[in-house]
Structures are given as structure tokens and as C-alpha cells.
There are 2 protein chains.
Amino acid sequence: MAPTPQTLTAERILEATEEVLRRHGPAKATVVDVARVLGVSHGSVYRHFRTKAALREAVTKRWLDRTTDTLSGIVTEGDRTPETRVRDWLAALYAAKRHKAAGDPELFATYSVLAGESGDAVHTHLADLLGQLTRIIRAGVEAGDFTAPDPATTARAVFQATARFHDPGYARDWELPGAEEEFEAVLELVVRGLRS
Amino acid sequence: MAPTPQTLTAERILEATEEVLRRHGPAKATVVDVARVLGVSHGSVYRHFRTKAALREAVTKRWLDRTTDTLSGIVTEGDRTPETRVRDWLAALYAAKRHKAAGDPELFATYSVLAGESGDAVHTHLADLLGQLTRIIRAGVEAGDFTAPDPATTARAVFQATARFHDPGYARDWELPGAEEEFEAVLELVVRGLRS
DNA sequence: CAGCTGACAGATATTGAAATCTGTCAGCTG
DNA sequence: CAGCTGACAGATTTCAATATCTGTCAGCTG
């Protein structure tokens, strides 16, 4: 609650870590830097996070959860058709990732590094997103709008088919001219493939 | 090694380069190595290729063209339906890339490096592949099997949607258990999206 | 005593000097 | 004379010495 809390908490460490990552980038950010920002010794940071990898994963998880939370609202918009929700959800995912990549490149690089290291935070993030997409597709099947023998498998296929527009490995292409049109074309193809 | 007292040709240099790339990998392969395999001075290699980058691009182009040639046969199989040809073509593309990645990892790494450097050889390769796919889809539209206002745009969308199964950036996932099933699911989704 | 410090060992990263490589070209060779 | 050689300059890579970092822990502090 206090604007300048004196006790060292996991939350304060995560905020300082984001700051350091933004300033120095993932390759140069050290635990000593984080401790310096907080005005404590680096030993204290290790009281809250067992390793540097755990700290990086925690800060990344926090960052990924922001996207998951943004998208979760679209899943349950009962007044819209499942097709519209699939479109909106994928468009929102693309927009969120693109915005993050452009606006927060240092942290985005960290996320990409962790994704490559197959960290648990990323694995969970992907499972969360797939779960959301599965719910929309299942609703579409129940409404008779979509055909999908196994909604989870189909959701995975939709996710893979649009990977180019949310996988961080393709981030450099997201701002290229024509990217938006290509997204629309893939989205159209995928939605047509879902329809009964 | 076998005595090679013949005249020095671009073709012989490309073969020696492949040999050196396979043995040392893309990071350690030098023009001096190539010259040593051929029993000439490295200055002679520069008579045929202006730069090392040009040499690497030429050897990569040769290698990429083998895939393009393999697939071109499927495009014109008039006795099969367009849908079958799209399925066969994408499956053959996936199989070819996967086979290369598993069987020739050093050269595959070189290809991946060049793809990242956005070399012209890769650009041309992608244009060739897209051209083949466009022809199949256009044939499908003309036969009334597919709906696609602009076959070239749709071909691009199909190519993007299946990127995970032919883009070298994903090579590490191609041998994972379940990869084949995921390919089938994406292929099913895409083909459904093409149908009228 | 709960939380923090700071020195320490082993691991990792940085640095700069030495080695190697790329690309050129004047001259050699057949 | 067409094609090749080998020495060379500048760029890049390697390597080992040095510095910094990670993770631990005995002891300090409030």
C-alpha cells in the first residue's frame, strides 16, 4: 500500500528486475544490478528467489499474464457469435504481442530468450492461451456454427496456423508492410476451416 | 583424397564447399579450407565467386533447388484432384524439409543462417514455392473445388498457416512426438478452409 | 531471531593481443 | 594470355588472462 515500502518483498524485487531488464537488456542484467536499484545486497535477493533463472521466469510470468488477462474477457462475451470471438481473440492476441514487441523490446527479448530455453512460465502461458481458444471453439461447436471432432486438437491447429502472428520468433516481421493483410488472409482461411 | 587434376570450375568449387560445410559447419568453414580440398590457392576460388557470401549463397541455392524440383512434379499431376495435390504438396514439403534437417544438419544450419540474413537465394526459393502452390490452388478454383478470390493471396495464407512445418526456425520441433498429428490437424483445417 | 550483509569459491563474461581469414593484385607459369 | 599463385592490408576470430557474476553461508544488526 505504501508508495515507498521499506520491507523487501518479492513484488518490489520483480519491479526492480523489470527496470533493470528494460535498461540493460536480458544479456547484461545482473542480480547485483537489481540489488543496487533496491539499495540492498545481492544476497537479500536470493532470499526471495532461489536462482537468477527463477527470478527471470517470475518476471516473465508476470508479464505474460497481462496478455492472458486481456484476452480472457473475449472468451466469455456471450452476446457475440463464436466466429466473431475467434476473430477478435486472434486479432487481440496479434495486437497485444505486436504492441509489446514494439513498445518494450528489452523485455520482449527476455521473453524470447526464455521461450527458447523452454521455461515453465512460457509452457504455462501457452497452455492458458490454448485453453481459452478451446473454450471458444467448443462453444462454436455446441452452437452448431463450427465443426470440430475434438475442440482441443482443433484449437491447437488454429494456434499453430496463426503462429506467425504471435510466436516471438517472427516478431521482426510484424511491422513489415502487408503484415496486416497477411494476417487477415490467414484468419479468413482458418475461420472458413472452422465453419460447419 | 581422390586426385582432381581437372580444370577448376564453379561446379567443383560448390561440391568442395558442401564437403567443407558438412565437415566443419557454417561457422568454421573458410574459403581457405575449400581451396585446400581442391588443392588450389584461395585466390583461385575468388576468380569464380566474388565473395564468401556469394559462394555460400550459391551452394545454398543449389541445395534449395533440389527441394523445389522434387515438389514441382506434384503441381502438374493432372490425374489427381487439386485437394489431393495440395495435401500431397504440403506433406512432401514437410517431409523434404524434415528429412534434410535430420540428415544434413550442418548444411541445414547454413540454410537457416542465410534465411536469417535474408539472402536472395532464400527469397527466390520462397517465391518459387509460392508459385507452385498458387498454380495448384488456381487449378482448384477453376475446377470449382476451391473458393479463392485471389489464388496468390490464398496460397500465401496457406503457406503461412503451415509455416511451423516448413520454416527452418521450427526445425527443432519437427521430430517431437505428436508433430505428425499436429501437421495432419493443421492440414485438415487449411484444406477445409479452401473448399467451396 | 528474522532479515540482511559481505566475503568467498566456482562459474561465466570481458578484454585485448595474437592468430587467422577475407579479398586484392602484381607477377608467375604453362 | 588465361588462369593461378602467394604476399599483403584490413577485418574478424581465437584464446588466455583478468574481471565480474552467481549462489552460499557464517556472522552481524535492529
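Reckoned from all heavy atoms, side chains included, excluding hydrogens, waters and symmetry mates.
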Glu181(B) and Arg156(A) ion-paired at < 4.0 Å: no

Rounded distance in Å - CZ (Arg36(A)) to P (dT20(D)): 11 Å

Value in whole Å for how far the P atom of dC4(C) lies from CD1 of Ile13(A): 8 Å

Nucleotide dC21(C), atom C1' - distance to NE2 of His24(B) in whole Å: 14 Å

Upstream residue (5' side of DNA chain C) when Ala27(A) and Val40(A) are each assigned their closest nucleotide: Val40(A)

Lys97(A) and Tyr111(A) side chains, donor-acceptor separation under 3.5 Å: yes

Distance, rounded to the nearest Å, where Asp33(A) contributes CG and dT22(D) contributes P: 8 Å

Residue matched to dG27(D) through Watson-Crick or wobble contacts both under 3.5 angstrom: dC4(C)

Under-3.5 Å donor-acceptor pair between His42(A) side chain and dG6(C) base: no

Contact nearer the 5' end of DNA chain C, comparing Arg47(B) with Lys52(B): Lys52(B)

Rounded distance (Å) that lies between atom P of dC4(C) and atom CG of Leu38(A): 11 Å

Between dT29(C) (P) and Leu8(B) (CG): distance, integer Å: 19 Å

Residue pair Ser72(B) / Asp69(B), side-chain donor-acceptor N/O under 3.5 Å: no

Contact under 4.0 Å: Ser44(B) side-chain N or O vs dT5(D) OP1/OP2: yes

Rounded interatomic separation in angstrom, taking OH from Tyr46(A) and C1' from dG3(C): 18 Å

Mate of dG10(C) where both pairing distances stay under 3.5 Å, Watson-Crick or G-U: dC21(D)

Residues Lys100(A) and Thr67(A): side-chain donor-acceptor under 3.5 angstrom: yes

Sugar-phosphate only, base, or nothing, as touched by Ser41(B) at under 4.0 Å among non-hydrogen atoms: base

dT15(C) pairs with, by Watson-Crick or G-U criteria that keep both distances under 3.5 Å: dA16(D)

Atom pair distance, as rounded to whole Å: CZ in Phe49(A) and P in dT24(D): 15 Å

